[in-house]
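To keep things clear, I will list the structure first and then write my remarks on it.
Order of appearance sets the numbers: ligands from 1, and atoms from 1 within every ligand. Only this structure's heavy atoms are used, side chains among them; waters, hydrogens and symmetry mates stay out.
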Amino acid sequence: MIKKINHVGVAVKSIDAAVKFYEALGLKVDHVEEVPSQKVKTAFISVGGTNIELLEATSADSPIARYLEKNREGIHHICYETDDVASELDRLKKAEIPLINETPVPGAHDMLVAFVHPKGAGGVLTELAQYKKG
Ligand code: CO
């Protein structure tokens, strides 16, 4: 079951540069983490019950590096938090929604995540994420 929007992902060239805006708003970076499986460095900024996730590429073949070759810095994806990514993926497969990840992969914050292709999601790259149990 989808619980809430966990975060909005924002692609940036430099987390250090982008953070200045959020700090000017009075917000703080709670957590910085490299996610090798996605070739990104992430910074989570807590806003009420949800987060902004800044995403910086850690390699030239990172999905974020490729995104920034074609697009400006800006909103990259929306992440829905669920208690069970695998069952969300099963439902989406039955609905013939195109997926980027057919099975969950490790994400930031010790979460299991999977991405839905934007072509099946109204143009919005959509992430599903669940906190690992235990
Ligand atoms: Co994300």
Q: Check whether any N, O or S atom of His76 sits under 2.8 Å from the Co ion (ligand 1).
A: no
Q. Do the side-chain N and O atoms of Glu53 and His77 include a donor-acceptor pair separated by under 3.5 angstrom?
A. yes
Q) Counting backbone and side-chain atoms alike, does His77 have an N/O/S atom under 2.8 Å from the Co ion (ligand 1)? A) yes
Q: Determine which of the N, O or S atoms in Glu53 is closest to the Co ion (ligand 1) and give its atom name.
A: OE1
**Q.** For the Co ion (ligand 1), the closest N/O/S atom belonging to Glu127
**A.** OE1
Q: For residues Glu33 and Gly107, report the shortest heavy-atom separation together with the two atoms involved.
A: OE2-O, 4.4 Å
Q: Heavy atoms only: give me the nearest Glu88-Leu128 pair and the separation to one decimal.
A: CB-CD1, 3.9 Å
**Q.** Lys4 atom NZ: more than 12 heavy-atom contacts under 6.0 Å
**A.** yes
